[in-house]
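In what follows, chains are A, B, ... by sequence order, proteins preceding strands, each numbered from 1.
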Number of protein chains: 2
Amino acid sequence: MSEQISIGEAARRSGVKVPTIRYYEQIGLLPAPERTEGNRRNYRKDEVQRLAFIRHSRELGFEIDAIKTLLVLQDDPNQPCGTADQIVIARLQDVDQRINSLNALKVELETMLEQCSHGRVKECRVIETLANHDRCIHGHH
Amino acid sequence: MSEQISIGEAARRSGVKVPTIRYYEQIGLLPAPERTEGNRRNYRKDEVQRLAFIRHSRELGFEIDAIKTLLVLQDDPNQPCGTADQIVIARLQDVDQRINSLNALKVELETMLEQCSHGRVKECRVIETLANHDRCIHGHH
DNA sequence: CCTACATCCTCTAGCGACTAGAGGAGCAAG
DNA sequence: CTTGCTCCTCTAGTCGCTAGAGGATGTAGG
């Protein structure tokens, strides 16, 4: 017969924590597995594989809903992959936006630090920049 | 006497939404303002200023707890500004890390898209890359 | 066989930083 | 006087987990 895979073992193999696996089952992202006589979850290899898929997708920042769609696609290999493409493209745009705003932020934070005289709060540019958004790098709005 | 500033007006001036202002009061980030006869919040200019400070800090990604500390510093101008510095430095490191991992992500997502033949899911690299982390850009682990 | 101890089970509540909605009161303009 | 806007409080929901209580089951050693 095929191997017995406990939830702990599945966690080790997939890199998804035990409570998170149970959570995924609860929200319907992962189907409920078979149980042993003692009522313990007993995973099959393809379920562990599915967990790894989920984990990788989460690492790439996909939302649970997007992952659900991706999993449906994976289960039906004759579907055109345009939907998957679009999910990835949307995520890519999101990532680009985040990178841009984080870069702007980085500049602003660095400027704050450079201007700080390391004296008292009274003449501290850090506090003042936070207080007075107009003077900051983003300018008026 | 000084101007009457309703919560809606304070929201408009500071850029913080009305329910968020009430939330900030609830968690003790913003002191409870005076009330009018009709039990409405009545802000003073310095309170609106404080809201703008909070908003800008949030935009820069500072956590509420960090902002609490920054506000205490702002209120006591004779304190050395080293604490403020450290908060900013910590945030800067965090931002740097995020930028790095987002850039790695971007590359991976782009690679996925480039390899996709835009056919069926069966031969789609997008789905396969997600399923098979080993083959992805990050390599084995 | 007994005892530790690890692992598992379910269930509920908490996190951060809001956001949404119910149900009602106050206020200004027409 | 009525319409419609803003305001009030309160509770519950969002996302993706994480933590903890309280108990059952499984395994290894003595």
Expected output: side-chain A:Q4 to main-chain A:N42 donor-acceptor under 3.5 Å:
no

Donor-acceptor contacts, no H, no angles, side chain residues 27-41 of chain B, under 3.5 Å, sequence neighbours left out:
{"from": "B:R35", "atom 1": "NH1", "to": "B:N39", "atom 2": "O", "distance (Å)": "3.0"}
{"from": "B:R35", "atom 1": "NH1", "to": "B:N39", "atom 2": "OD1", "distance (Å)": "3.4"}
{"from": "B:T36", "atom 1": "OG1", "to": "B:G38", "atom 2": "N", "distance (Å)": "3.3"}
{"from": "B:T36", "atom 1": "OG1", "to": "B:R40", "atom 2": "N", "distance (Å)": "3.1"}
{"from": "B:R41", "atom 1": "NE", "to": "B:E25", "atom 2": "OE1", "distance (Å)": "2.8"}

Give a yes or no on whether B:L102 and A:I89 share a hydrophobic cluster (residues Ile, Leu, Val, Met, Phe, Trp, Tyr; joining criterion: side-chain heavy atoms under 4.5 Å apart).
yes

For C:dC18, does OP1 or OP2 lie under 4.0 Å from any side-chain N or O of B:K17?
no

Heavy-atom donor-acceptor pair, B:R22 side-chain to D:dT9 base, under 3.5 Å:
no

Should B:R55 be listed as having a side-chain N or O under 4.0 Å from OP1 or OP2 of C:dC18?
no

Does A:T20 put a side-chain nitrogen or oxygen below 4.0 Å from OP1 or OP2 of D:dT18?
yes

I want to check one thing: is the phosphate of D:dC17, taken as OP1 and OP2, less than 4.0 Å away from some side-chain N or O of A:Y24?
yes

Heavy atoms under 4.0 Å, any strand shown: does B:I64 hit a base, just sugar-phosphate, or nothing?
sugar-phosphate

Does a nitrogen or oxygen in the side chain of B:R40 sit under 4.0 Å from OP1 or OP2 of D:dC5?
no

Do any side-chain nitrogens or oxygens of B:R35 fall under 4.0 Å of OP1 or OP2 in D:dT9?
yes

Want to settle it: does B:Q26 or B:R12 sit nearer the 5' end of DNA chain D, counting the closest nucleotide to each?
B:R12

Would you mind telling me which of D:dC7, C:dT19, D:dT9 lies closest to the side-chain atoms of B:V18?
D:dC7

Which residue, A:Y23 or A:N39, contacts DNA chain D at a nucleotide closer to its 5' end, judged by nearest heavy atom?
A:Y23

